[in-house]
Amino acid sequence: MSRRICRYGFLPALAGLFLFGVFFASTSQAQDYTLKDLNEQLVMGTLWYQKSAEMRAISYQAFNIAKLVFDMDVAKGPSEKKRAVVVDIDETVLNNSPYEAGLIDRDTGYPKGWAQWCNAARAEALPGAVEFLNYVVEKGADVFYVSNRKVKFKQGTMKNLKSLGFPQVEDAHLLLREKTSDKEFRRQLVRKDHRIVLLMGDNLNDFDSIFRKKGIKDRLAAADQFKDKFGTMFIVLPNPMYGEWEGAVYNFNWRLSPEEKSEARKANLNTWTSD
Ligand SMILES: [Mg+2]
């Protein structure tokens, strides 16, 4: 009998070790903060973007102000160089929020699936965008789409813009990202033969490179520095889902883990509590 116990006594120990391993693995897994957890924070911004009438109103407001500014310029009479309106694409004239919503509840993030989204050409237009840009062309000015979508997405982007009725969706008017995300060179290309009356975008980099790669404080200071340009030369559209503002929160270290990103976001909140 004792020999048998001795012989098989390692079995309970082995089972115990196995159970401990399972328990340890499951608790450590439960503690892992993944992209799926971080993506929960996308819910409110994306929901606001898609379902608030305020977002819709702000979009109309942006294009109404753009029309006022454009009309005021046209009223000054003939322009030496042809007039141009420069617009960004994503979250300026096209609404990609279904792509963002598709990240929620999933353990994945940009750029996963972005190529498929662009190629599907299913984005909707931002309210007021199609009407305003057609108006610009009717009045004899040109529209330029200066976007950081990569050139490889040109076909899908053109198909999407055309299907929605945007004007001048042609190679010469679509300046996508080739080497750098800095749009200054592309703005200069437009300025060769045109006078830019207005720039429209959801990211301050869409207006001037002075805003690029700056920390939170410097971005805020730069916005103050250009305060007279907003609504007169630069028209901003809202984007609570992503943008360079988010990069500034991470000091542009996009490689932070999901948990570190969440911590950086919360650490940057100005908080008040009563106790
Ligand atoms: Mg954009």
Side-chain angles (χ1 to χ4, degrees), residues 42 45-46 48-50 55-56 58-63 65-66 84-103 109-111 113-115 117-130 132-133 143-154 156-158 160-161 164 166 168-169 173-187 190 196 198-214 219 222-223 226 229-231 233-250 252 254:
L42 258 178
T46 310
W48 180 84
Y49 203 82
Q50 295 188 340
M55 163 55 206
R56 202 167 183 80
I58 290 172
S59 189
Y60 283 126
Q61 179 173 269
F63 289 101
I65 293 171
V85 167
V86 171
V87 292
D88 168 51
I89 293 180
D90 297 317
E91 277 52 72
T92 298
V93 300
L94 290 186
N95 174 352
N96 300 297
S97 63
Y99 169 78
E100 296 295 319
L103 301 176
Y110 175 85
W114 179 244
W117 168 254
C118 290
N119 294 335
R122 297 288 300 274
E124 292 183 2
L126 267 299
V130 176
F132 171 64
L133 296 182
V143 171
F144 289 89
Y145 303 89
V146 179
S147 164
N148 277 338
R149 281 194 179 195
K150 291 179 180 168
V151 170
K152 63 182 176 183
F153 303 136
K154 190 180 217 174
T157 303
M158 287 178 105
N160 202 159
L161 291 169
L164 295 165
F166 281 102
Q168 296 187 315
V169 184
H173 291 257
L174 197 63
L175 306 178
L176 301 184
R177 174 175 164 182
E178 291 190 51
K179 285 181 183 151
T180 172
S181 61
D182 188 345
K183 295 183 171 180
E184 189 51 35
F185 175 70
R186 285 170 277 169
R187 283 190 288 265
V190 175
I196 298 176
L198 273 176
L199 294 129
M200 304 187 75
D202 64 305
N203 188 322
L204 296 185
N205 298 341
D206 297 328
F207 308 121
D208 195 296
S209 297
I210 199 164
F211 298 110
R212 291 190 86 234
K213 309 277 182 200
K214 282 192 158 56
R219 294 188 92 242
F226 282 81
K229 297 254 187 188
F230 297 110
M233 176 80 188
F234 305 156
I235 309 286
V236 192
L237 285 110
N239 185 354
M241 300 176 292
Y242 67 90
E244 182 133 323
W245 63 269
E246 183 191 348
V249 169
Y250 314 142
F252 297 98
W254 290 98

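First listed ligand is number 1; within each ligand, the first listed atom is number 1.
The name of the N, O or S atom in Asp90 nearest to the Mg ion (ligand 1) is O.
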Inset, instruction - Report the C-alpha distance between Asp208 and Lys229 in whole Å, list the side-chain angles of each, state the deciding distance to 0.1 Å, and finish with yes or no for salt bridge (Lys or Arg N to Asp or Glu O under 4.0 Å). - result: CA-CA 11 Å; Asp208 195 296; Lys229 297 254 187 188; over 6 Å; no
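The shortest side-chain heavy-atom distance between Asn203 and Phe211 does not fall under the 4.5 Å cut-off. Side-chain contact between Leu133 and Tyr145: present, with at least one pair of heavy atoms (C-beta onward) separated by less than 4.5 Å.
Take the Mg ion (ligand 1) as the corner point: the lines to OD2 of Asp88 and to OD1 of Asp202 open at 90°, to the nearest 10 degrees.
Side-chain contact, Ser181 with Asn148: no donor N or O sits under 3.5 Å from an acceptor N or O.
Look at Glu91 and the Mg ion (ligand 1): no N/O/S atom of the residue is under 2.8 Å from the metal.
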